[in-house]
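The structure displayed is predicted, hence computed values, not measured ones. Side-chain atoms are counted along with the backbone in the values below, which use heavy atoms only and exclude waters and symmetry mates. Quick note on labels: first sequence line is chain A, next is B, and so on, each numbered from 1.
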Protein chains: 2
Amino acid sequence: MTNNFELSNNERLVMDVLGRENSPKSAYMILDELRGSGFRAPLQVYRALEKLIGMGRVHRLESLNAFIACNHISCEKTGGTAFVICNRCEHVQEVCDDSVSLFLSGLAKKTKFKASKTSIELHGICDACEDA
Amino acid sequence: MTNNFELSNNERLVMDVLGRENSPKSAYMILDELRGSGFRAPLQVYRALEKLIGMGRVHRLESLNAFIACNHISCEKTGGTAFVICNRCEHVQEVCDDSVSLFLSGLAKKTKFKASKTSIELHGICDACEDA
DNA sequence: CTTTGGTATGTTATAACATAACATTAAATA
DNA sequence: TATTTAATGTTATGTTATAACATACCAAAG
Ligand SMILES: [Zn+2]
Ligand SMILES: [Zn+2]
Ligand SMILES: [Zn+2]
Ligand SMILES: [Zn+2]
């Protein structure tokens, strides 16, 4: 890799697909969207995703086995991110503020635990869908 | 189903496997442990798991694609459960107290969201493994 | 320049996780 | 007994993820 701010060709293609809309996509959905650009195999997607996640540019949603572009400048500096996922419209809200990091650090302290990776995901109905 | 407190034969077998130790098991690990009891296909496991999860007797760990017996009387009455999972010894701590439910309800309020399912999972190193 | 070593990419095969669709059995109830 | 409901069995398939190996590319060292 040249540096953390430049993307390789495949990484940029995957980033572009995820950047187009604020909705989660599975690796295989990404693969299908990129067949026209020469992608043939899952690994091309998974390798790019691994890098992008490492850079903090993409998040993995564990409860969906799917991926989404980060919509913050950087989630890396915070203590964690919570994802609020509407089951109806698929829209995802990304929350990373003090309430999240305080909750996580409190939980770690209470359980005498050193957390290296966290996942907070809520499923339900968003405000827009509730009104509609 | 007879009622919520009785288990079918397959449900009891799956519950027994999960009840033996406080560690997560994948559906296919459970299947393999139950081949001697006549299990042949994944669906036998998945169907039992679905019921047991519905009863609150088993939890699904989204970040592991695995399942674990609930170690509380009932998590159902609370606002949510957090799982603290050691990457080294595989031990899982289950936390469902006010701090969890307050965090979740606060997050839902802040995002104007009606949550129907939540998942909080921390990965890292537990106290015992840290000392060792 | 050319060798060497690192990084990215390509390809095939397979592992791991999950469900659809349909058949059969067993138990409840009318 | 006839009807129907819940549980189970079976086969096939769909979906997600990684292992293992091969190739291409490019930059620095010799
Ligand atoms: Zn983010
Ligand atoms: Zn919505
Ligand atoms: Zn529980
Ligand atoms: Zn441990």
In whole angstroms, the gap separating P of C/dC17 from CG of B/Leu49 amounts to 13 Å
- Query: Looking across every strand, which nucleic acid part, if any, lies under 4.0 Å from B/Ala41 by heavy atom: base, sugar-phosphate, or nothing?
  - Reply: base
* Asked: Just to confirm, is there a sub-4.0 Å distance from OP1 or OP2 of C/dT7 to any side-chain nitrogen or oxygen of A/Lys51?
  -> no
#### Entry: B/Ser63-B/Glu121 side chain donor-acceptor pair, cut-off 3.5 Å
yes
- Given D/dA7, is OP1 or OP2 found less than 4.0 Å from the side-chain N or O atoms of B/Arg12? no
Closest to the side chain of B/Asn9, out of C/dT11, D/dT18, D/dT8, is D/dT8
inquiry  = For the residue pair B/His123 / A/Thr118, report whether a side-chain donor-acceptor contact shorter than 3.5 Å exists.
reply    = no
> Looking at A/Asn10, does any N or O in its side chain come under 4.0 Å of the phosphate oxygens OP1/OP2 on C/dA8?
Replying inline: no
Across the strands shown, which category fits A/Arg47 at heavy-atom distances under 4.0 angstrom: base, sugar-phosphate, nothing?
-> base
Classify the side chain of B/Tyr28 versus the base of C/dA15 as yes if they form a donor-acceptor pair under 3.5 Å and no if they do not. no
In whole angstroms, the gap separating P of D/dG9 from CG of B/Leu34 amounts to 11 Å
In whole angstroms, the gap separating C1' of D/dG14 from CE of A/Met29 amounts to 15 Å
Whole-Å distance, A/Gln44 CD to D/dA22 P, equals 18 Å
| query | Can a side chain N or O of A/Tyr46 be found less than 4.0 Å away from OP1 or OP2 on D/dA17? | reply | yes
Is the distance from the ring center of A/His59 to that of A/Phe67 below 6.0 Å?
no
Whole-Å distance, A/Glu62 CD to D/dT15 P, equals 20 Å
A/Leu7 CG to C/dT7 C1', in whole Å, measures 15 Å
B/Ile30 CD1 to C/dA16 P, in whole Å, measures 16 Å
Do the side-chain N or O atoms of A/Ser8 get closer than 4.0 angstrom to the phosphate oxygens (OP1, OP2) of C/dT7? no
Item to check | Short side-chain N/O contact from B/Asn65 to OP1 or OP2 of C/dA18, under 4.0 Å | outcome: yes
B/Ser26 side-chain N/O to C/dC17 phosphate OP1/OP2 under 4.0 Å: yes
* Cationic N near anionic O, under 4.0 Å, A/Glu33 to A/Arg20 -> yes
When rounded to whole Å, the CG to P distance for the pair A/Leu43 and D/dA22 reads 15 Å
Donor on one side chain, acceptor on other, A/Ser8 and A/Lys51, under 3.5 Å | no
